[in-house]
Amino acid sequence: MRSITLIDVNSFYASCERVFNPRLEGIPVVVLSNNDGIPIAMNALAKALGITMSTPWFKLKGFAKQYGIVALSSNYPLYADMSNRVMSILSQYSPDQEIYSIDECFLDLTGFNRNLVDYAQDMRSRIKQWTGLPVCVGVGASKTLAKLANHIAKKRPEYNGVCNLNDFEPERLNKILSEIHISSVWSIGRRLVPRLNALGIKTVLDLKNSDPEYMRQQFSVVMEKTIRELNGTACIELEEVAPRKKQILSSRSFGQPVYDLQSLSESVTLYISRACEKLRKQKSYAITITVYIRTSPFSIEEQYSKTRTVSLPAPSDDTRHFASVGLWILKSIYKSGFNYQKAGIMLSNIVPAEGQQTDLFGFKQSISKQDNLMIVLDEINTKMGKQCIRIASQGYKQPWAMKQELKSKSFTTKWDELIETN
DNA sequence: TCTGGGGTCCTAGGACCC
DNA sequence: TCTGGGGTCCTAGGACCC
């Protein structure tokens, strides 16, 4: 039997903030999304007050003030840095690690000849000691079971932060699965719950006992895998090397109303350069670029939203190629007189960088020169800070940039904001 | 539980082609 | 002019995740 392990930081963003500001201890804290739109993380105290994600912050402000809730804008450089520390500590516990998200990773502990609960407790205390962050650990025979075990470790204090479902006798396992709702299962989202309920499937045990082939017909192959995984067959392998993305999206809501083509052009150029950086990082080329702009779906004013896709004559990873095409698309879909709320771009038709051909007219001509320019650009920006060198059409003032009124400092990643210890 | 953020993958349906 | 088959591309939107 496999021993797949999922480690997850509790209320990650809120915990990071608390590490650098101990005064937040004992106070309800929420961390807000970009543009201070909605809560995306909160500590236990805020949860206990009944705050839910996806309620717009402006609707919660009054309530928050009344109960002394501290709200913070999200500080991604800080969280990314803390994440790297946690992941590097955990990598010492197994040669097989998959970093699944900013605050979660899988470790394969199959064949480890020792008590895994003790081992997991050791991880917890080391991470706590070295970073100040609390984590929970779940172990199971598949990724889906490891996720579920982690859920149990988090929700039930008697487990003290670690749950190994592989240690359970079958009856005990089924009993606990019968007490958990299907919405807690990985891959079962909001839309699937009512459809499953209609089939009489309400608890994890119900789902585990359903017929995988029939469920595949009714739903999809993903559902079949989930059921087999709940039954202890690992169908989803650990991905130690992140698979190449098939599409790369970059989009953002604006911090203030945007009407003019100039501002939209600047933002679209910025998103394109971000997406191309990601593209080059995974050593791929893309052929197709999509640009979209839209007004706020919540606005009572007249709405406008438009998407347009164009393919290059040959695959490329050059920011300037995509920027010139992207700006052309933008011009073609832009209509004046609307209050734009969001713009985004997507790169698709992604192919590996190795062995690319040029088109008939040599669009990807003098490859070495162009590639070197982008490599140097990436290197400088890595060393000297994001956007140190950029395409001129990104603009410098960026009045449309997102709103972050409540941000904490970049304690670990900016020299002038390092934490003071006096 | 109905939505205000960002990202990835997938697919239905229309337009257009041979 | 209508009908049918097969395929590709694009747009819009659904579904899931954190």
Side-chain angles (χ1 to χ4, degrees), chain A residues 6 8-14 30-42 50 52-61 73-74 76 79-80 83 99-106 143-144 147 150-151 181-197 219-223 225-226 236 239 242-255 257 267 271 274-275 278-279 282 286-300 303-311 329 332-333 339 341-350 402-404:
Chain A
L6 179 76
D8 170 313
V9 183
N10 305 346
S11 312
F12 180 53
Y13 297 169
V30 303
V31 178
L32 303 175
S33 67
N34 283 336
N35 282 315
D36 300 339
I38 56 169
I40 49 171
M42 61 187 103
T52 54
M53 319 255 195
S54 82
T55 311
W57 174 239
F58 73 85
K59 285 190 184 171
L60 290 170
K61 261 185 186 166
S73 303
S74 35
Y76 287 106
Y79 311 148
S83 173
I99 297 173
Y100 176 69
S101 76
I102 193 162
D103 76 322
E104 282 174 67
C105 81
F106 289 102
K143 280 178 152 182
T144 304
K147 275 272 204 183
N150 187 283
H151 173 83
H181 190 252
I182 40 168
S183 58
S184 302
V185 176
W186 193 35
S187 87
I188 306 296
R190 183 163 48 83
R191 304 284 174 145
L192 286 174
V193 169
R195 289 179 62 197
L196 288 166
N197 283 345
F219 295 89
S220 71
V221 64
V222 178
M223 182 65 78
K225 281 187 184 172
T226 298
I236 309 169
E239 282 166 346
R244 283 197 173 110
K245 295 196 174 18
K246 295 177 181 170
Q247 50 180 225
I248 294 172
L249 182 133
S250 177
S251 73
R252 204 120 300 175
S253 306
F254 301 127
S267 68
Y271 307 151
R274 282 224 188 101
K278 286 189 202 166
L279 189 66
Q282 70 163 26
I287 300 172
T288 306
I289 173 168
T290 302
V291 177
Y292 74 89
I293 50 177
R294 67 164 167 80
T295 54
S296 167
F298 301 96
S299 164
I300 44 165
Q303 309 271 321
Y304 176 68
S305 117
K306 189 72 185 169
T307 304
R308 189 165 178 187
T309 303
V310 166
S311 291
I329 297 176
S332 78
I333 59 177
N339 176 357
Q341 183 250 353
K342 189 172 190 172
I345 75 104
M346 186 169 82
L347 303 178
S348 53
N349 268 320
I350 291 175
M402 65 185 174
K403 197 165 69 178
Q404 289 193 305

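- As rounded to whole Å, 12 Å separates atom P of dG7(B) from atom CD1 of I102(A).
- With DNA chain B read from its 5' end, the first of the two nearest nucleotides for P56(A) and K278(A) is the one closest to P56(A).
- Nucleic acid contact class of L32(A) (heavy atoms, under 4.0 Å, all strands): none.
- Applying the side chain to side chain donor-acceptor pair (under 3.5 Å) rule to D103(A) yields the partners S101(A); only residues at least two apart in sequence or on another chain are considered.
- Nucleotides of DNA chain B nearest to Q341(A) and L249(A) differ in position, and the one nearer the 5' end is that of Q341(A).
- Going from atom CD1 of I38(A) over to atom P of dG6(B) covers 9 Å, rounded to whole Å.
- Side-chain contact check for Y304(A) versus I293(A): some heavy-atom pair is nearer than 4.5 Å.
- One can place CD of Q303(A) at 12 Å from C1' of dG4(B), the figure rounded to the nearest angstrom.
- Across all strands shown, W186(A) has heavy atoms under 4.0 Å from sugar-phosphate atoms exclusively, and none from any base.
- Put simply, N35(A) has no side-chain N or O that comes within less than 4.0 Å of OP1 or OP2 on dG5(B).
- Counting any heavy atom pair closer than 4.0 Å across all strands shown, S250(A) reaches sugar-phosphate atoms only and no base atom.
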> What string of B, S and - do you get for nucleotides 9-18 of chain B, 5' to 3', when a contact is any protein heavy atom under 4.0 Å?
Replying inline: BS--------
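- Per the geometry, CG belonging to L60(A) stands 14 Å off P belonging to dG5(B), to the nearest Å.
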> Which dot-bracket string fits DNA chain B when only Watson-Crick or G-U wobble pairs with both atom distances under 3.5 Å count, crossing pairs get [ ], and | stands for a partner on a different strand?
Replying inline: ....||||||||||||||
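- Between W186(A) and Y100(A), the angle of the ring planes goes over 60°, which puts this pair in the perpendicular group of the 30/60° scheme.
- Under the 3.5 Å distance criterion, the side-chain polar atoms of S83(A) are matched with a main-chain donor or acceptor of I102(A).
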